[in-house]
Chemist: 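Can you keep this structure in mind? I'll have questions shortly.
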Amino acid sequence: MAAVLAVLIVIVAAAGCGGERQDDAQEEIGWRTLSLPQDDGRSLSLELPGELEVQQERSDDANVKNQKIYKHLGSRMLVSIHHGTMINPNVRVKFTMSRFLDDFAKVRKNNPVLKRAEKRTINGREMDYFEIGLRDEDGDSLRLECLGLQMGQEYWMITFGYWTDDKTMEAIAEKAMASIRIE
């Protein structure tokens with residue numbers, strides 16, 4: 001059951017997974033408002049039930065500069081946040097299921113399915129929303145909820161991953177998504 005979530009965690013280079021899901025009483029949720037800088041001096045802020053433990057810089061896309069990846073790994077949820085600045089101000093990022101799964105190459109073997117793609121307005125900002133479903137080798141279902149936002153040359157991609165039947169983590173992801181602001 002935990003195999004696909006564990007694979008996701010390993011793929012995004014986060015340290016260790018507890019293996020089995022913990023019950024709600026064991027999960028400590030300490031909300032924090034986090035602020036992540038943009039190149040233009042503004043920042044993305046959002047509330048998360050934990051700190052962002054990992055920060056990486058990437059340089060694998062010639063069209064993007066100052067790529068950064070932030071991650072949070074809980075025992076029942078992972079959060080991956082990408083930021084980058086487009087070199088050409090006239091180029092728009094195409095948010096697609098494939099783009100959100102770039103960090104999860106091994107997961108593609110588990111036949112990810114696009115469940116929903118739509119526009120959402122969060123705190124006055126229009127974002128692309130994708131819900132992607134996966135199954136592990138035991139048949140347990142995982143959900144990735146993804147948001148993409150571009151303002152000028154800067155873009156953000158935010159992914160929440162958790163077991164589909166985990167209503168607590170679903171509510172946490174919804175609260176975190178609703179808190180996203182550019183300030």
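The first residue in the sequence is number 1, and the count goes up from there.
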Chemist: Looking only at atom types and distance, does a side-chain atom of His82 sit under 3.5 Å from a main-chain N or O of Trp156, one as donor and one as acceptor?
Modeler: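 It does not hold such a pair.
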Chemist: First locate atom CG of Asp61, then atom CE of Met86, and finally report the distance between them rounded to the nearest 0.5 Å.
Modeler: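 Result: 6.5 Å between the selected atoms.
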Chemist: Cation-pi between Arg120 and Tyr129: NZ/CZ under 6.0 Å from ring centre and within 45° of the ring axis?
Modeler: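 Positive - Arg120 is close enough to the ring of Tyr129 and near enough to its axis.
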Chemist: Taking the side chain as C-beta and beyond, is there a heavy-atom pair between Leu52 and Leu36 under 4.5 Å?
Modeler: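 Leu52 vs Leu36: side chains touch.
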Chemist: First locate atom CZ of Arg181, then atom OG of Ser35, and finally report the distance between them rounded to the nearest 0.5 Å.
Modeler: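 So the CZ of Arg181 and the OG of Ser35 are separated by 12.5 Å.
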Chemist: Is Leu101 close to Leu144 at the side-chain level, that is, under 4.5 Å between some pair of heavy atoms?
Modeler: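 With C-beta onward as the side chain, the pair touches.
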Chemist: Between the main-chain N or O of Asn63 and the side-chain N or O of Asn88, is there a donor-acceptor pair closer than 3.5 Å?
Modeler: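 Here the side-chain-to-backbone pair does not exist.
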Chemist: Are the side chain of Gln153 and the backbone of Thr85 linked by a donor-acceptor contact shorter than 3.5 Å?
Modeler: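 Not at all, since once roles are kept as given, no pair shorter than 3.5 Å links the two residues.
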Chemist: If only atom types and distance count, is the side chain of Thr96 paired as donor or acceptor with the main-chain N or O of Arg99 below 3.5 Å?
Modeler: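 Yes; judged by distance alone, with no hydrogens or angles, the pair exists.
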Chemist: If you count every heavy atom of other residues, nucleotides or ligands that lies below 6.0 Å from Lys167 atom NZ, does the total exceed 12?
Modeler: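 Yes, NZ of Lys167 has more than 12 neighbouring heavy atoms, counting only those of other groups under 6.0 Å.
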Chemist: Determine, stepwise, if the pair Glu145 / Ile132 fulfils side-chain contact (heavy atoms from CB on, under 4.5 Å).
Modeler: CA-CA 6 Å; Glu145 289 192 83; Ile132 301 168; over 6 Å; no
Chemist: Can you measure from CD1 (Ile81) to CG (Leu44) and round to the nearest 0.5 angstrom?
Modeler: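 Between atom CD1 of Ile81 and atom CG of Leu44 there are 6.5 Å.
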Chemist: Examine the side chains of Glu183 and Ser45 and answer whether a donor and an acceptor come within less than 3.5 Å of each other.
Modeler: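 There is such a pair between these side chains.
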Chemist: If you take all heavy atoms of Ala173 and Tyr162, which pair is closest and at what distance?
Modeler: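 Shortest heavy-atom contact: CB-CE2, 3.8 Å.
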Chemist: What are the two closest heavy atoms between Tyr70 and Pro37, and how far apart are they?
Modeler: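 The answer is OH-CD, 3.9 Å.
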Chemist: State, to 0.1 Å, how close Ala178 and Asn123 come at their nearest heavy-atom pair, and which atoms those are.
Modeler: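 Distance-wise, the nearest heavy atoms are O-ND2, 2.9 Å.
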Chemist: Could you check whether any side-chain heavy atom of Met77 comes within less than 4.5 Å of a side-chain heavy atom of Ile172, counting everything from C-beta outward?
Modeler: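 Yes. Closest side-chain heavy atoms under 4.5 Å.
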Chemist: Taking salt bridge (charged side-chain N to carboxylate O under 4.0 Å, His left out) as the criterion, tell me which of Lys175, Arg143, Arg76 meets it with Glu170.
Modeler: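 Looking at Lys175, Arg143, Arg76, the match for Glu170 under the salt bridge (charged side-chain N to carboxylate O under 4.0 Å, His left out) is Arg143.
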Chemist: How close do Thr159 and Phe100 get, heavy atom to heavy atom, and via which atoms?
Modeler: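 For Thr159 versus Phe100, the nearest heavy atoms are OG1-CD2, 3.6 Å.
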Chemist: Less than 4.5 Å apart, any side-chain heavy atom of Val64 and any of Ile87?
Modeler: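 Val64 does not reach Ile87 side chain to side chain.
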Chemist: Output the distance between atom CZ (Phe160) and atom CG (Leu147), rounded to the nearest 0.5 Å.
Modeler: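 So the CZ of Phe160 and the CG of Leu147 are separated by 6.5 Å.
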Chemist: Go through it in stages, so that I can follow the logic: the residues are Glu47 and Arg32, the test is salt bridge (charged side-chain N to carboxylate O under 4.0 Å, His left out), and I'd like the CA-CA distance, side-chain angles, deciding distance and then a yes or no.
Modeler: CA-CA 5 Å; Glu47 294 180 27; Arg32 292 158 183 80; over 6 Å; no
Chemist: Looking only at atom types and distance, does a side-chain atom of Gln150 sit under 3.5 Å from a main-chain N or O of Met127, one as donor and one as acceptor?
Modeler: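 The answer is no, because no donor-acceptor pair under 3.5 Å joins these two groups.
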Chemist: When rounded to the nearest 0.5 angstrom, what is the spacing between CG in Leu48 and OG in Ser179?
Modeler: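 One finds 7.0 Å between CG of Leu48 and OG of Ser179.
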Chemist: In terms of hydrophobic clusters joined by side-chain contacts under 4.5 Å, are Phe95 and Val113 together?
Modeler: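 Result: no, two separate clusters.
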Chemist: In this structure, would Leu46 and Met151 fall into the same cluster of hydrophobic residues linked by side-chain contacts under 4.5 Å?
Modeler: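 Yes; Met151 is reachable from Leu46 via cluster members.
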Chemist: Is the ring pair Tyr155/His83 parallel, tilted or perpendicular, if the boundaries are 30 and 60 degrees?
Modeler: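 Because their plane-to-plane angle is under 30°, the rings of Tyr155 and His83 count as parallel.
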Chemist: Report the C-alpha distance between Glu131 and Arg116 in whole Å, list the side-chain angles of each, state the deciding distance to 0.1 Å, and finish with yes or no for salt bridge (charged side-chain N to carboxylate O under 4.0 Å, His left out).
Modeler: CA-CA 5 Å; Glu131 179 183 336; Arg116 189 178 338 164; 3.0 Å; yes
Chemist: Show, in sequence, the C-alpha distance, side-chain angles and deciding distance for Lys119 and Asp128, and conclude whether the salt bridge (charged side-chain N to carboxylate O under 4.0 Å, His left out) test is met.
Modeler: CA-CA 5 Å; Lys119 299 284 186 189; Asp128 291 306; 2.5 Å; yes
Chemist: Ignoring hydrogens and geometry, is there a side-chain-to-backbone donor-acceptor pair from Glu154 to Gly84 under 3.5 Å?
Modeler: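 No, the answer is negative, given that no donor and acceptor are paired below the 3.5 Å cut-off.
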Chemist: Nearest 0.5 Å, what's the CG-CD1 distance between Leu149 and Ile182?
Modeler: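 Going from CG on Leu149 over to CD1 on Ile182, the span is 5.0 Å.
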Chemist: Determine the minimum heavy-atom distance between Gly50 and His72, stating which atoms define it.
Modeler: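 Where Gly50 meets His72 most closely, the heavy atoms are CA-CE1, 3.5 Å.
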Chemist: When you measure from the side chain of Thr164 to the backbone of Ser141, do you find a donor-acceptor pair of N or O atoms at a distance under 3.5 Å?
Modeler: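 Checked: pair present.
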